[in-house]
Amino acid sequence: RLLSSEKVSDKNHSLPKPCWGKDMRLLFDQFMKKCEDGSWIHLPSYEYIATQRSQDFPTFIHASELINKEKLSQGRLFTKSFEDGLGFEYVMFYNDAEKRIVCVFQGGPHLQGMPGFFHGGAIATMIDATVGMNAIVSGGIVMTANLNINFKRPIPLCSIVLINSQLDKIEGRKLLVSCNVQSVDEKILYTEATSLFVKLNPEKEFD
Ligand SMILES: CCCCC/C=C\C/C=C\C/C=C\C/C=C\CCCC(=O)SCCNC(=O)CCNC(=O)[C@H](O)C(C)(C)COP(=O)(O)OP(=O)(O)OC[C@H]1O[C@@H](n2cnc3c(N)ncnc32)[C@H](O)[C@@H]1OP(=O)(O)O
């Protein structure tokens with residue numbers, strides 16, 4: 001099948017690594033404790049989306065003829081395309097009752113925009129991944145239709161931050177998800193975002 005050529009990397013990047021900082025480990029341990037009663041779930045994260053649902057992806061997106069098989073075999077999740085510690089280090093936890101995802105994100109030195117601060121596109125990437133995961137767990141095969149971001153405060157390079165995402169509404173195929181990015185002590189609000197995800201419609205022809 002189209003995606004069956006995907007390599008399955010068994011490296012789960014959502015477990016502590018030597019490059020994780022103190023706050024990253026502290027928060028990981030705090031959230032793993034919250035998982036003990038089942039209210040929170042620790043989400044694994046691999047370099048390749050090799051889950052069953054991603055195998056169905058081409059049937060949902062009628063542009064599958066656009067998918068170049070050779071290029072696909074080289075495909076890798078963008079957030080997993082940096083050496084450990086240099087790009088996106090993160091771990092996500094999901095609370096089904098509250099339809100919330102908390103992502104603990106440690107950005108590396110290769111995510112620089114203005115000297116000493118994160119690139120806005122890097123922040124947008126982690127927001128998209130977090131609200132996107134929130135939409136996926138509730139909506140299955142979805143794509144981002146709209147992402148609005150207010151950058152309130154610049155985030156110092158190599159910061160560890162909390163991304164709090166909340167599923168706000170499901171309307172037919174539309175899922176509205178909002179989120180904010182805060183310092184780990186929750187004293188600084190760096191970024192706020194709203195997003196719209198749309199469940200792909202297998203019957204709908206892409207024009
Ligand atoms: C991806 C999941 C695969 C399975 C994963 C499995 C396990 C998970 C493991 C790892 C996950 C890792 C990574 C994934 C993480 C994050 C996900 C990132 C997602 C992305 O990074 S993805 C790339 C950027 N994304 C695009 O590349 C999309 C380009 N785009 C399109 O492909 C179409 O545009 C589409 C499909 C969005 C909609 O197309 P469509 O034809 O299906 O729907 P249609 O147009 O009919 O709209 C239906 C209703 O939404 C309203 N609507 C639509 N767009 C709107 C807008 N912009 N503003 C306001 N309203 C809008 C309409 O107004 C209508 O509303 P109403 O029904 O009320 O009239």
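Counting convention: from 1, in listed order, for ligands and their atoms alike.
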**Message:** Among residues at least two apart in sequence or on other chains, which ones pass ring pair (Phe, Tyr, Trp, His ring centres under 6.0 Å) with Tyr90?
**Reply:**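 Testing Tyr90 for ring pair (Phe, Tyr, Trp, His ring centres under 6.0 Å), a comparison that skips the adjacent residues, returns none.
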**Message:** According to ring pair (Phe, Tyr, Trp, His ring centres under 6.0 Å), who are the partners of Phe93, at least two apart in sequence or on a separate chain?
**Reply:**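 So Phe93 forms a ring pair (Phe, Tyr, Trp, His ring centres under 6.0 Å) with Phe31, His42.
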**Prompt:** To which of Ala135, Pro44, Ala145 does the heavy atom nearest atom 54 (N) of ligand 1 belong?
**Reply:**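 Result: the heavy atom closest to atom 54 (N) of ligand 1 is in Ala145.
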**Item:** Selection from Lys174, Arg173, Lys80, Met133 by shortest heavy-atom distance to atom 43 (O) of ligand 1
**Value:**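 Going through Lys174, Arg173, Lys80, Met133 one by one, Arg173 has the nearest heavy atom to atom 43 (O) of ligand 1.
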Which ligand 1 atoms does [X] reach within 4.0 Å, using its non-hydrogen atoms?
X      : result
Leu196 : 52 (N), 55 (C), 56 (C), 58 (N), 59 (C), 60 (N), 61 (C)
Ile136 : 2 (C), 11 (C), 14 (C)
Leu77  : 12 (C), 13 (C)
Leu200 : 36 (C)

**Request:** Take every heavy atom of Asn201, measure it against each atom of ligand 1, and state whether any distance is under 4.0 Å.
**Result:**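 Outside the 4.0 Å threshold, so no.
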**Request:** Decide whether the shortest distance between a heavy atom of Val142 and an atom of ligand 1 is less than 4.0 Å.
**Result:**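 The answer is yes, since Val142 has a heavy atom less than 4.0 Å from ligand 1.
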**Prompt:** Taking 4.0 angstrom as the limit, do Asp29 and Lys34 come out as a salt bridge?
**Reply:**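 Lys34 and Asp29: not salt-bridged.
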**Prompt:** Between Glu89 and Lys17, is there a salt bridge with N-O shorter than 4.0 Å?
**Reply:**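 Here Lys17 pairs with Glu89 in a salt bridge, since their nearest N and O are under 4.0 Å apart.
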**Message:** When you measure from the side chain of Glu192 to the backbone of Cys179, do you find a donor-acceptor pair of N or O atoms at a distance under 3.5 Å?
**Reply:**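 Checking the backbone N and O of Cys179 against the side chain of Glu192, no donor-acceptor pair under 3.5 Å is found.
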**Message:** If you define the side chain from C-beta out and look only at heavy atoms, does anything of Phe88 sit under 4.5 Å from Thr125?
**Reply:**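 Sidechains of Thr125 and Phe88: in contact.
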**Request:** State yes or no: are the ring centers of Phe118 and Tyr190 separated by less than 6.0 Å?
**Result:**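 No; Tyr190 has its ring centre 6.0 Å or more from that of Phe118.
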**Proximity of Thr144 to ligand 1 by residue part, where a heavy atom lies under 4.0 Å** =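 Within the 4.0 Å criterion, Thr144 contacts ligand 1 through backbone and side-chain atoms alike.
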**Asked** ligand 1 versus Glu171, non-hydrogen atoms closer than 4.0 Å: side chain, backbone, both, neither?
**Response**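 For Glu171, no heavy atom sits under 4.0 Å from ligand 1.
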